Amino acid sequence: MAESQCVDYPAVPCRVNLELMPEPTWTWMLILTAAAVAVFGYGMWQMVHVWRLGRDWKPGDWRAGLKRLVSGLATHRKFRQDRKPGTAHAWIFFGFVVLFIGTTLAAIDMDLFEAILESKLLYGPGYLLYEAALDFFGLVFVMGVFWMAWRRYRNPPPHLHKTSTPEAPGLLRRVDADLYLLVFLGLIGLTGFLLEGIRLQHQIQADGIEYAHYSFVGNAVGLGMARGMSLPSMEALYPSLWWVHFALWSSVLAVLPWTKMKHVVTSSLNLYFHDDARQARANLPTPFNLQEVMESGDTEQMGQVGYTTIRDFTWKDRLSLDACTNCGRCEAQCPATAAGRPLSPRKLIQDLKAHMWEDYRAGRGDAEHAPVKLTDVGDLDLRTQIEEATLWSCTTCRACMTECPVDIEHVDLITEMRRGLVMESKLDEHQSKLLVNLTNAGNPYGFPNVDRADWVGALPKGVVVPSAQEKAAAGESIELLWWVGCVGSFDPRNNEVTRDLATILNAAGVDFAILGQEEKCTGDPARRLGEEGRFQQSVMENLMVLQQYGVTKVLTQCPHCFNTLLNEYPEFGADFEVVHHTTFLEQLIDEGKVPLKDGAEMKVSFHDSCYLGRHNGIFDAPRRVLEKTNNGLPVLEMAQSGQQGLCCGAGGSNMWYEVKQEDQRINVIRAKQAADTGADTVVSACPFCLTMLKDGLSLTGNDAEGGGSMVAQDLAEVVARNLDWEPPVVEEPDEPEEAGEQADAGAAPAMENPYASYGGGGWGG
């Protein structure tokens, strides 16, 4: 069915193309479209060239990437984490996709079926469905654009900021990128409906069609226009309006690579290349393998460690900078930003993006151009300097990564830049002391490691904590190795938690052992600080001990130890199960191994540790334990809880140094949120969090010890307080052996440390 037959048979639904346009329109449309595509192609080439100036990066399986991209866009899951803007974005996205498909089908109908095949693609019942679908999604598209415009310019949340365009040439660099995008998209939608309304009125009045109501929006627009305009007037207006509509979409296409609209490409590519393991498995990138370096003696195989210039970023990192849409969701959830620290994840990514494009222009795209350091820009034309305090402000809580709808890996980038600072010895006295303590004493405090098990001396009589040495000397295997951790071993307040957990393990009849003085820090503080060498030395030292005892299952009470042993040690040869005490306590209670008292009732709120919750997905287990020990009463949730929980402020090695540039401490913000629930007890499952919460309660005047009404406790303490069990009576021996003789009798043979010659803390200071 050719186009003329659309007029000859008005009862047959049929797409009419360019009927109201002059003859040369089709030719000029092809020429101008080709020009727009050419400009677009140049812009895309330039973007790819900018990305490829970074270091190499090997992508994963393309099938997994395609599946991830389609699933992410189809479900809009991460976009909808912030419900209102996520919904508006979904309206714009799906409307845009359907309108693009509809426009493509119309072009195929006109340029292929009519011009070459002398037939029609869009006719009959299928055409009616086509018209109804385009009207529906076109309306959704326009509503989404207006919703976004209202939110940004009439009722903006504090984390929305004007988007600059550092990559744009000429006048585009001075345009409000957000306003440009919304205005042009809105006008494309509105002019499209006006054109449809005029076309339908022409077909109704001149051709006598009877199916205009299927195009319900366009038909309504046409009927409205017909009340104030004659058909000849509308037909005279149509060509000018058509060229305006064409100019709008072709100009958007042409300048897309230099405007915010480019996120259609860059964000999709970033979703495609994003490694799911980065979200599901909370480990940091490993730049080298220290054991292989030491065995080979070739330090050159370490390669580049850390990022000091924008050229040190991989091409995937640079792509992710361009993928950022400046939506501010990361900033809204960032504890450092909330505390007034000099870190906004949004601003950091935007500054790095600007720096990348400024570096490109400064070197005119030359791959041999020598870039300046990110933290030392000086008087050059590059305006974007990254302050060192910005990088040290991060708590590595991953709230930014969880919220980012396009999966930018902020924490990985910050850690790499920290590694660059460590390589240049840009550490303050507290950070340097931390590394020295880890090297010399095996713990961040610098306490003698022989005192690591001193907490055992204050246990209730009858509560037994065997050591791995004792079990090895007795020829017994270790069913469960309890990794106490540095804070649980040395901090007086957390010693109470450790003893309560020991009591629970005894009450449940768990066969376990501890390493005592053979246990050393897992290396988490060093790695989060950026000292990869010191971290890997800790890994080798600890694995040597664990493998000697044949450990197959490890229990931790610290989420940081849990995360490091579970997610980072396997890369270096670890092969054992790791369980946190929250899930272990739930299992013991469910199995009836922990006898609990009846009738306990508290008004309790739970604080989600970042390294337990966001990093490893453990949210429900501690809450279920609290309900079972609290007469079934529900947990009083804070304003930010679960996946959106607020960090205590101690992560990312922040426990061991101070960030002075802040308006208020992060733990004070969290303590206020806990107090706002009306709870009398705030429970955590992390020794860092317990310390920070107790301090926060004291600073806000809510601590019961200072006259307030709240106490901070660990989950193990809550269970121990409600434990219906008494330790067995232990008879004192007539002639107790000397402590030193006992230690000698139970000690395993001393081990030689093949890594003792490595000077930890020296890969940069």
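If you're wondering where the values come from, they're calculated on a predicted model, not measured in any experiment.
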*Asks:* Side chains of N563 and D524: do they bring a donor and an acceptor to under 3.5 Å?
*Replies:*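 There is no such pair (donor and acceptor under 3.5 Å, judged by atom type) between the side chains of N563 and D524.
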*Asks:* Hey, what do you get for CD (Q713) to OG1 (T681), rounding to the nearest 0.5 Å?
*Replies:* 5.5 Å
*Asks:* Between D451 (side chain) and F447 (backbone), is there a donor-acceptor pair under 3.5 Å?
*Replies:*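 Not a single qualifying donor-acceptor pair exists.
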*Asks:* Residues two or more places apart in sequence or in another chain: which of them pass ring pair (Phe, Tyr, Trp, His ring centres under 6.0 Å) with H560?
*Replies:* Y611, F688
*Asks:* With rounding to the nearest 0.5 Å, note down the distance linking CE in M692 to CZ in R670.
*Replies:* 12.5 Å
*Asks:* Scan for side chain to side chain donor-acceptor pair (under 3.5 Å) pairs involving residues 685-694, sequence neighbours excluded, and state none if there are none.
*Replies:*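 Only N494-T691, K694-D703, K694-E705 qualify under side chain to side chain donor-acceptor pair (under 3.5 Å).
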*Asks:* Using only atom types and a distance under 3.5 Å, with no angle test, would you say the side chain of D428 pairs donor to acceptor with the backbone of H430?
*Replies:*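 The answer is yes, because a donor-acceptor pair under 3.5 Å joins these two groups.
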*Asks:* Taking only residues two or more places apart in sequence, or in another chain, which ones meet F606 in a ring pair (Phe, Tyr, Trp, His ring centres under 6.0 Å)?
*Replies:* none
*Asks:* Less than 4.0 angstrom from a charged side-chain N to a carboxylate O is my criterion; do R623 and E637 meet it?
*Replies:* yes
*Asks:* Do the side chains of N567 and F562 get nearer than 4.5 Å, heavy atoms only?
*Replies:*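 SC-SC contact between F562 and N567 ruled out.
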*Asks:* Checking E479 now: which residues fulfil salt bridge (charged side-chain N to carboxylate O under 4.0 Å, His left out) with it, not counting sequence neighbours?
*Replies:* none
*Asks:* Taking salt bridge (charged side-chain N to carboxylate O under 4.0 Å, His left out) as the test, write out the residues that go with D695, two or more places apart.
*Replies:*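 Applying salt bridge (charged side-chain N to carboxylate O under 4.0 Å, His left out) to D695 gives R665.
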*Asks:* For the backbone of D491 and the side chain of N495, can you confirm whether one donor and one acceptor N or O come within less than 3.5 Å of each other?
*Replies:*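 The answer is yes, because a donor-acceptor pair under 3.5 Å joins these two groups.
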*Asks:* Sequence neighbours excluded, which residues qualify as salt bridge (charged side-chain N to carboxylate O under 4.0 Å, His left out) partners of D500?
*Replies:*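 D500: salt bridge (charged side-chain N to carboxylate O under 4.0 Å, His left out) contacts with R721.
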*Asks:* Got more than 12 heavy atoms from elsewhere within 6.0 Å of NZ, K628?
*Replies:*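 Above 12, so yes.
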*Asks:* One pair to check against side chain to side chain donor-acceptor pair (under 3.5 Å): E518 and Y549. What are the steps and the verdict?
*Replies:* CA-CA 11 Å; E518 289 185 282; Y549 288 118; 2.6 Å; yes
*Asks:* Can you check side chain to side chain donor-acceptor pair (under 3.5 Å) on Q673 and Q640, steps first, answer last?
*Replies:* CA-CA 8 Å; Q673 290 185 353; Q640 292 175 265; 2.8 Å; yes
*Asks:* What I want to find out is whether K593 reaches E586 closely enough, with some N-O distance under 4.0 Å, to be called a salt bridge.
*Replies:*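 Looking at K593 and E586, the cut-off is not met.
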*Asks:* State the CG-CE distance between N630 and M602, to the nearest 0.5 angstrom.
*Replies:* 4.5 Å
